[in-house]
Amino acid sequence: MTVLPQSHARRTERRKKRTPSSPSCQAEDEKCSEEAEAKPLVPLKPLSLNTVHVTSRLGLAGFMPTAALHLVASLAGLVPFSMGYAVAKMWSCAGGRLADSSSFRAGCYGFLYSAGIFPTVLHDQGGQLGPLDGDAVLRLTPLLVANHVSYLDALILPLVLKLPKFLSMSSVKSWPLFGSLGEDLEYIWVDRGQKGSRGAALEAIQKHVNSWKVGERPLVIFPEGTTSNGQSLYPFKQGAFITGAPVRPVLLKYSGSWDPAFTEFLMTDDGERVEYTDGEWAMNFWANLFHSCTVLVCEPYHPSMEEKADPELYASNVRAFMLEKQKELELVCRSSSSTQMNRVLMEWRRRLQLQRHWNRLAATPSGTRLRFRQKVRPRRRTALMDEAKEQEQIDHRCDPVADPSA
């Protein structure tokens with residue numbers, strides 16, 4: 001005999017008394033079916049993007065020594081941050097803006113370096129990668145779209161992108177320090193707990209684009225809507241592309257000994273996939289002293305008329321563009337010098353351009369492909385013909401049917 005808790009037993013007794021044809025059961029079944037139709041199933045995230053590889057899971061003994069040193073350094077970094085923030089607040093009272101204060105930026109960088117976070121910023125200028133010069137480069141488009149990997153993105157991207165605007169949860173306004181910082185930096189607050197929060201976010205983006213002018217601070221949006229392990233990109237949501245305004249893609253890749261990507265699962269060396277909690281992520285962060293990353297600021301993406309009319313097409317094409325740049329960023333992180341970096345990128349882009357050319361060629365009619373073959377240089381064509389004849393002779397000698405003496 002199965003013993004049930006009292007609450008479950010009562011519910012079970014009520015269900016036993018009901019017959020399948022009773023009106024109460026039918027009403028309950030109809031209500032459940034209506035709820036199922038009203039709430040469509042949401043596809044799960046692919047594990048290839050929702051899993052991060054961790055070499056070993058830390059215990060308390062491996063966590064405490066490094067975490068203590070990390071904590072002391074971070075507390076020391078609060079000193080330059082507090083000084084820079086105080087100077088910037090006095091400057092803002094005189095009519096300036098906190099986001100344009102050099103003292104505030106210097107204080108933020110002091111805290112970032114004390115926490116062991118060292119970002120490198122690269123700017124793609126006509127195919128050549130170089131340092132990012134000034135704020136004006138980042139203020140040519142109203143929107144910046146970036147991939148989202150880790151909690152550290154919220155510390156790194158505002159600084160390396162010269163303190164742009166962000167969409168933030170309205171609950172952050174009540175947090176100590178972060179709420180006042182968000183107000184001073186003119187963040188756009190959205191209450192995600194409300195039913196129409198998505199419409200409010202779209203309205204805020206449209207309002208920013210309409211009022212934005214060249215030279216003003218852009219708005220940063222994470223079109224994936226969630227974090228991934230940084231190996232690829234989730235399909236983009238259309239919120240940043242409904243306006244039809246040009247965007248500047250930004251890509252971030254972590255290159256330290258520990259990958260700070262925050263996903264729902266982690267996989268260890270023994271092949272075990274387990275849930276990745278906030279507490280374990282924090283332990284790994286404090287147990288690693290240095291966190292290096294590279295940020296690639298791409299050229300602006302100006303949509304065509306078709307993309308402006310179709311936000312889904314616009315989002316898909318920007319994602320494809322960012323996937324190519326993400327591959328370039330991965331090659332850059334493997335390079336040891338700037339000379340090698342540009343040489344590797346040139347070779348990669350040459351191969352990519354050649355692949356695109358052959359893909360377009362394969363989609364053309366056979367007559368066009370034949371005319372292309374006739375345009376091949378004579379020496380190369382002769383060499384290919386000689387190679388084909390030699391292969392034909394070898395096949396003829398190896399074929400016992402064609403050889404009468406066999």
Side-chain angles (χ1 to χ4, degrees), residues 119-150 153 156-166 205 209 212 214-225 227-228 230-241 243-255 293-304 307-308 311 313-335 338 341-353 355-356:
T120 301
V121 187
L122 298 174
H123 181 210
D124 189 356
Q125 297 176 313
Q128 294 291 326
L129 297 186
L132 183 65
D133 298 329
D135 300 0
V137 175
L138 294 168
R139 300 185 177 185
L140 297 177
T141 59
L143 300 174
L144 304 177
V145 290
N147 63 325
H148 199 6
V149 181
S150 171
D153 299 353
I156 297 172
L157 290 180
L159 282 180
V160 300
L161 299 179
K162 313 302 181 183
L163 297 177
K165 296 180 181 180
F166 277 82
I205 295 172
V209 171
W212 179 87
V214 176
E216 295 182 350
R217 295 162 58 205
L219 176 65
V220 177
I221 297 177
F222 299 112
E224 294 175 282
T227 57
S228 68
Q231 301 299 321
S232 185
L233 298 173
Y234 285 116
F236 283 0
K237 300 183 183 300
Q238 301 178 22
F241 309 97
T243 62
V247 299
R248 182 186 288 274
V250 176
L251 287 159
L252 183 145
K253 181 175 178 59
Y254 293 93
S255 53
C293 68
T294 304
V295 180
L296 177 61
V297 179
C298 305
E299 295 179 311
Y301 189 102
H302 295 275
S304 62
E307 291 171 334
K308 289 181 180 180
L313 176 63
Y314 189 10
S316 177
N317 290 344
V318 172
R319 179 178 178 271
F321 174 79
M322 292 181 66
L323 283 173
E324 292 182 2
K325 294 299 179 181
Q326 190 176 46
K327 179 62 177 178
E328 293 183 6
L329 181 58
E330 185 177 348
L331 295 175
V332 166
C333 292
R334 297 177 185 175
S335 304
S338 59
M341 173 182 67
N342 284 310
R343 185 171 64 250
V344 169
L345 281 182
M346 289 179 62
E347 178 64 20
W348 159 255
R349 288 168 179 169
R350 187 187 66 81
R351 292 183 179 181
L352 187 62
Q353 185 178 6
Q355 181 181 0
R356 287 175 178 171

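Bear in mind that the values here come from a model prediction, so they are computed numbers and not experimental data.
In this view, V121 and L132, V160, V297 satisfy the side-chain contact (heavy atoms from CB on, under 4.5 Å) rule, not counting sequence neighbours. Here F236 pairs with nothing under the ring-ring contact (aromatic ring centres under 6.0 Å, His included) rule; sequence neighbours left out. Applying the side chain to side chain donor-acceptor pair (under 3.5 Å) test to R319 and every residue at least two apart in sequence or in another chain returns nothing. Partners of N317 under the side chain to side chain donor-acceptor pair (under 3.5 Å) rule, at least two apart in sequence or in another chain, are E307. With sequence neighbours left out, the side chain to side chain donor-acceptor pair (under 3.5 Å) criterion links S255 to S292. Take E330 and apply the side chain to side chain donor-acceptor pair (under 3.5 Å) test, not counting sequence neighbours, and it matches R334. Applying the salt bridge (Lys or Arg N to Asp or Glu O under 4.0 Å) test to D153 and every residue at least two apart in sequence or in another chain returns nothing. Residues meeting the ring-ring contact (aromatic ring centres under 6.0 Å, His included) test with F166, sequence neighbours left out: Y187. Looking at residues two or more places apart in sequence or on another chain, you find no side-chain contact (heavy atoms from CB on, under 4.5 Å) involving E299.
Within the model, atoms CD of Q128 and CG of L122 stand 12.0 Å from one another, a figure rounded to the nearest 0.5 Å. With values rounded to the nearest 0.5 angstrom, L329 atom CG is found 10.0 Å from C293 atom SG. With rounding to the nearest 0.5 angstrom, the CG atom of L143 is 5.0 Å from the CD1 atom of I221. How far CG of L296 is from CG of L251: 6.0 Å, rounded to the nearest 0.5 Å. Here the CD-SG distance, from E328 to C333, works out to 12.0 Å after rounding to the nearest 0.5 Å. Note that CZ of F222 and NE2 of H148 are 4.5 Å apart. Values are rounded to the nearest 0.5 Å.
The closest donor-acceptor contact from the side chain of N147 to the backbone of L252 lies under 3.5 Å. At distances below 3.5 Å, not a single donor-acceptor pair connects side-chain atoms of R248 with backbone N or O atoms of Y301. Side chain of Y254 to backbone of S150: no donor-acceptor contact under 3.5 angstrom is found.
Using a 4.5 Å heavy-atom threshold, the side chains of V220 and K165 count as separate. Here the side chains of P300 and P246 are not in contact, with every heavy-atom distance at 4.5 Å or above. Side-chain contact between M322 and V318 is present, with heavy atoms from C-beta onward closer than 4.5 Å. When side chains are defined from C-beta on, Y314 counts as touching V247, because their heavy atoms get closer than 4.5 Å. At a threshold of 4.5 Å between non-hydrogen side-chain atoms, the residues V295 and V250 count as touching. The closest side-chain heavy-atom distance from F241 to P223 is below 4.5 Å. Between L323 and S232 there is a side-chain heavy-atom pair separated by less than 4.5 Å.
Here ring pair (Phe, Tyr, Trp, His ring centres under 6.0 Å) pairs that include residues 122-144, with residues two or more places apart or in two chains, number zero. Every pair tested for salt bridge (Lys or Arg N to Asp or Glu O under 4.0 Å) that includes a residue from residues 230-239 fails, sequence neighbours excluded, so the list is empty. The list of side chain to side chain donor-acceptor pair (under 3.5 Å) pairs with a residue in residues 131-144, not counting sequence neighbours, reads D100-R139, R105-D135.
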Inset, instruction - Kindly indicate, with the supporting measurements, whether the criterion side-chain contact (heavy atoms from CB on, under 4.5 Å) is fulfilled by T227 and V149. - result: CA-CA 5 Å; T227 57; V149 181; 5.9 Å; no
Inset, instruction - Go through the steps to decide whether F321 and C298 satisfy the test side-chain contact (heavy atoms from CB on, under 4.5 Å), and finish with yes or no. - result: CA-CA 10 Å; F321 174 79; C298 305; 4.1 Å; yes
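Taking both residues in full, the closest heavy atoms of I205 and G239 are given as CD1-O, 3.9 Å, listed atom of the first, atom of the second, then distance. Here the shortest heavy-atom pairing between P303 and G244 reads CG-O, 3.4 Å. The heavy-atom pair separating D124 from K325 by the smallest distance is OD2-NZ, 2.7 Å.
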